[in-house]
*Asks:* 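Below is a structure I'd like to ask you about.
Order of listing sets the numbers, starting from 1, for every ligand and every atom in it. Everything quoted here is computed from the prediction, not taken from an experiment. Hydrogens, waters and symmetry mates play no part in the numbers below; they use all other heavy atoms, side chains included.
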Amino acid sequence: MRTVLPFNHDWLFYPGEADAGEPDAQFQVVTLPHTNIVLPHHNFDNIEYQFISTYRKRFRLPEARDGRRVYVDFDGAMIACEVFLNGHKVGENEGGYTPFSFDLTDHLNENGDNLLTVRLDSTERPDIPPYGGVVDYLTFGGIYRDVRLRYVEPCHIEKVFVRTLDVLTGRPRVEIEVTVNNQGTELYAQELGASIYDADGMLIASGDMWVQVPAHSTEIFVLTGFNLPAVKLWSLDAPALYSAMFWLGSAAQTGEKPLRFGFREAVFRDDGFYLNGEKIKLRGLNRHQTYPYIGAAAPARLQRKDADIIKYELGCNIVRTSHYPQSPHFLDRCDEIGLLVFEEIPGWQHIGDQDWQGISLRDVQAMIERDRNHPSIVLWGVRINESMDNEAFYTATNALAHRLDPTRQTGGVRYFQGSQFLEDVFTFNDFSNTVQEPEHTPHLVTEFNGHMFPTKSWDQEERQLEHALRHARIQDKAAGMGNVTGAIGWCAFDYNTHREFGSGDRICYHGVSDIFRLPKFAAYFYESQLDPAVRPVLRPATFWTMGDRSEGGINPLVIFSNCDEVEVFFGDAHFGRFQPDRKEFPHLPHPPFQIWGLNLLWGGHKFDDLRVVGYVNGQAVIEQQIEADGVPRALVLEADDAELNADGADMTRLVFKIVDKYGNRLPYTNQVVSFEVEGPAELIGENPFALMGGQAALYVKAGREPGTVTVRAATPRLPAAAVTINVK
Ligand code: GAL
């Protein structure tokens, strides 16, 4: 039997190098995922998380070994570590973005106490990707992903790759490549089998074969001959997920959860990207995995929420995991909701020596072996983002990717067109402020905008509007070019960075949303590309003031919407009914509305509230209002989730805003908001918080006791606000 148990609880953390004699009392009890330091969301130094720390985990085996091997599996620890069990070194790892495992068996105290010690180096080690040069993002420190304990038979399944083939024919096939590791001292001869379940959990096919694995060796087998019925495809609108369970001899091999996969055909061709034979224009954003305060140590719920935001709030159909493999929880959610993924290896512009490249090749392998069963992933990035050409290195990364996964194409992100084309898809960062004519196809724009137009959520309206329109213009251009498969903008969320980049406060304000994942106008542009059948969107891109733009007034009034028509009122006065601007944006599914001639001038008119009504098929479906007064009317406090798990790690975002009477944020209030929490939870973030952009967020982190949590927020001159969260 395989058993997989969570191993996130009751770790001890010491923010320095502790030798074995250091008493536990010097350590802090922590739950994983863990950041080695909680920081403000900006205005800190990017060296503050760079230190060596020590983690301890004291444990007794939670269940009897019964002759099995016991492994510890780390999903990720930043950036290098050595791991010891009961004083014996069991392994080391270099690289912070891919998983690693160590066999503990030989040094286990089976019936007594054990001590696992991790010496974690979170400094910017130049010998490990992405470091060696400067990097425009922070890597932060800590055992920042999950850890598990895994029991396996001496002969066990090590890796599985489910390949779905001929999915668009009437006779879909499955081939399952299984790597079996025999750590035993005798030849292992038994049956290897797999069962396949459909999206409703019904068994639909099984297959098995006789396998023989010599002692102390690893063999790869391919299970075929599954007799499949018609299958449901994995698509953007209906992402059907199948699953598989495995056995070897009489031992179940699946462990904690069945392996999920999907039937879909994804291919980049010269004239476009095709999913299940249908051409889909890719519209996406890049995502960094870091969060305010907690670095990269975000639990499953926050990881999953990011996928939801990108699909449902930003209307994207693809995300690029710039610039490294991201959390399994994030990718799981992409599978579940139908969000395509371009995943790439760690790195940024710099290529190191042979040893460094060796680690990078290991990253290629670890990324693909970890993630090749995710139907959402449609492209592997096997170049160091924006590095110079290196024929030998990139020939090797491409060959390795193709060998490990013949079903997916490769890309490699570069910023110059003349770059040597060794991949299947020419993935190109195009900062020309337009979309350049491709020199190679298939062609995918993997970044644009970003540092060309950093924009804060409290910048002047004109700048925030231009930021949004730049995204709209490029997405429109890409949508109209038959030889461009799509465009992925830089980037979804503002992110923390080194002093060499960003606005000096350690933030790159390149997001269409702020670092808290709250929208700027550019986010409204993306949101407006959603199908109105999903949800009508109506977002006037204005703070509705008479004197914020240069020369005053609001001309044009730009509205991001997926409605067919909008009707505009000032107070009770009807101004007109308008169509989207198909002239300037002929290719977008839902062009912005640009309404000129409002004739509202600086100081020149009786100035009243804005009211906009959106129509789909002639029916009024949505309305928005913005108050002319600009006076703070309410402090709004909202948690993303009403319930948390009492596991000591679960978190939800707590958004707060100061708003007008219709709920619109007032971007220039910088009132101080202070918080109090009651119940089994902790607040993570700056408290009190001096508001910027009229919106920000903290996190509520569950403790390990169930109960009701109440958070209260207060700010001068407005009624206090409160939310309640149930910790279960
Ligand atoms: C690119 C780079 C990104 C980010 C972006 C800012 O060159 O790949 O990581 O730095 O610029 O616009």
*Asks:* Any nitrogen or oxygen of W348, main chain or side chain, under 3.5 Å from a nitrogen or oxygen of ligand 1?
*Replies:*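 So ligand 1 has an N or O lying under 3.5 Å from an N or O of W348.
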
*Asks:* Which atoms of ligand 1 are found less than 4.0 Å from any heavy atom of N385?
*Replies:*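 Close to N385: 2 (C), 8 (O).
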
*Asks:* Taking 4.0 Å as the limit for heavy-atom contacts, which would you say applies to E386 with ligand 1: side chain only, backbone only, both, or neither?
*Replies:*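 The answer is the side chain of E386.
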
*Asks:* Looking at R372 and E343, does any basic side-chain N land under 4.0 Å from a carboxylate oxygen?
*Replies:*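 E343 and R372: not salt-bridged.
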
*Asks:* Relative to the heavy atoms of N429, which atoms of ligand 1 are at a distance of less than 4.0 Å?
*Replies:*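 Listed by number with element: 8 (O).
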
*Asks:* Assess R517 against Y291: is NZ or CZ under 6.0 Å from the centre of the six-membered ring, and within 45 degrees of the ring's axis?
*Replies:*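 Yes, R517 and Y291 form such a contact.
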
*Asks:* Under 4.0 Å from a heavy atom of H323: which atoms of ligand 1 are those, numbered in the order shown and with their elements?
*Replies:*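 Close to H323: 3 (C), 8 (O), 9 (O).
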
*Asks:* To which protein heavy atom is atom 12 (O) of ligand 1 closest, and what is the distance rounded to 0.1 Å?
*Replies:*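 The protein heavy atom lying closest is H451 ND1, 2.5 Å.
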
*Asks:* Are any of the N/O atoms in E447 less than 3.5 Å from those in ligand 1?
*Replies:*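 Such a contact does occur with ligand 1.
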
*Asks:* If the threshold is 4.0 Å, N to carboxylate O, is there a salt bridge linking R408 and D405?
*Replies:*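 Counted as a salt bridge, because a side-chain N and a carboxylate O are separated by less than 4.0 Å.
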
*Asks:* Check each heavy atom of M452 against ligand 1 and say whether those closer than 4.0 Å belong to the side chain, the backbone, both or neither.
*Replies:*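 It is neither; nothing of M452 touches ligand 1.
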
*Asks:* Pull out every atom of ligand 1 sitting under 4.0 Å from any heavy atom of D136, numbered as shown with elements.
*Replies:*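 Counting from 1, the qualifying ligand atoms are 4 (C), 10 (O).
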
*Asks:* Write down the atom of T485, the atom of K281, and the distance for their closest heavy-atom approach.
*Replies:*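 Smallest heavy-atom distance, with atoms named: O-CD, 3.6 Å.
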
*Asks:* Is any NZ, NE, NH1 or NH2 atom of the basic residue among D121 and R125 found under 4.0 Å from an Asp or Glu carboxylate oxygen of the other?
*Replies:*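 Looking at D121 and R125, the cut-off is met.
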
*Asks:* Would you mind listing which atoms of ligand 1 come within a distance below 4.0 Å of any non-hydrogen atom of G450?
*Replies:*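 The list of qualifying atoms is 12 (O).
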
*Asks:* Within the 4.0 Å heavy-atom shell around F431, which atoms of ligand 1 are there?
*Replies:*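 In order of numbering, the contacting atoms are 1 (C), 7 (O), 11 (O), 12 (O).
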
*Asks:* Mind jotting down which residue pairs meet the salt bridge (Lys or Arg N to Asp or Glu O under 4.0 Å) criterion with at least one end in residues 289-299? Sequence neighbours excluded, please.
*Replies:*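 Every candidate salt bridge (Lys or Arg N to Asp or Glu O under 4.0 Å) pair involving residues 289-299 fails, so no pair, neighbours aside, qualifies.
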
*Asks:* With a cut-off of 6.0 Å (strictly less than), are more than 12 heavy atoms of other residues, nucleotides or ligands near CD of E391?
*Replies:*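 Not buried by this count: 12 neighbours or fewer within 6.0 Å.
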
*Asks:* With heavy atoms of H510 as the reference, note each atom of ligand 1 found under 4.0 Å away.
*Replies:*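 Numbered from 1, ligand 1 contributes 6 (C), 12 (O).
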
*Asks:* Is ligand 1 under 4.0 Å from a heavy atom in the side chain of Y137, in the backbone, in both, or in neither?
*Replies:*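 For Y137, there is no contact with ligand 1 at all, from either part.
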
*Asks:* Answer yes when R304 and D332 have at least one side-chain N-carboxylate O distance shorter than 4.0 Å, and no when they do not.
*Replies:*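 Not counted as a salt bridge, because no side-chain N and carboxylate O are separated by less than 4.0 Å.
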
*Asks:* Quick test of your reading of the model: are E462 and R549 salt-bridged, counting only N-O distances below 4.0 Å?
*Replies:*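 So E462 does not pair with R549 through a salt bridge.
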
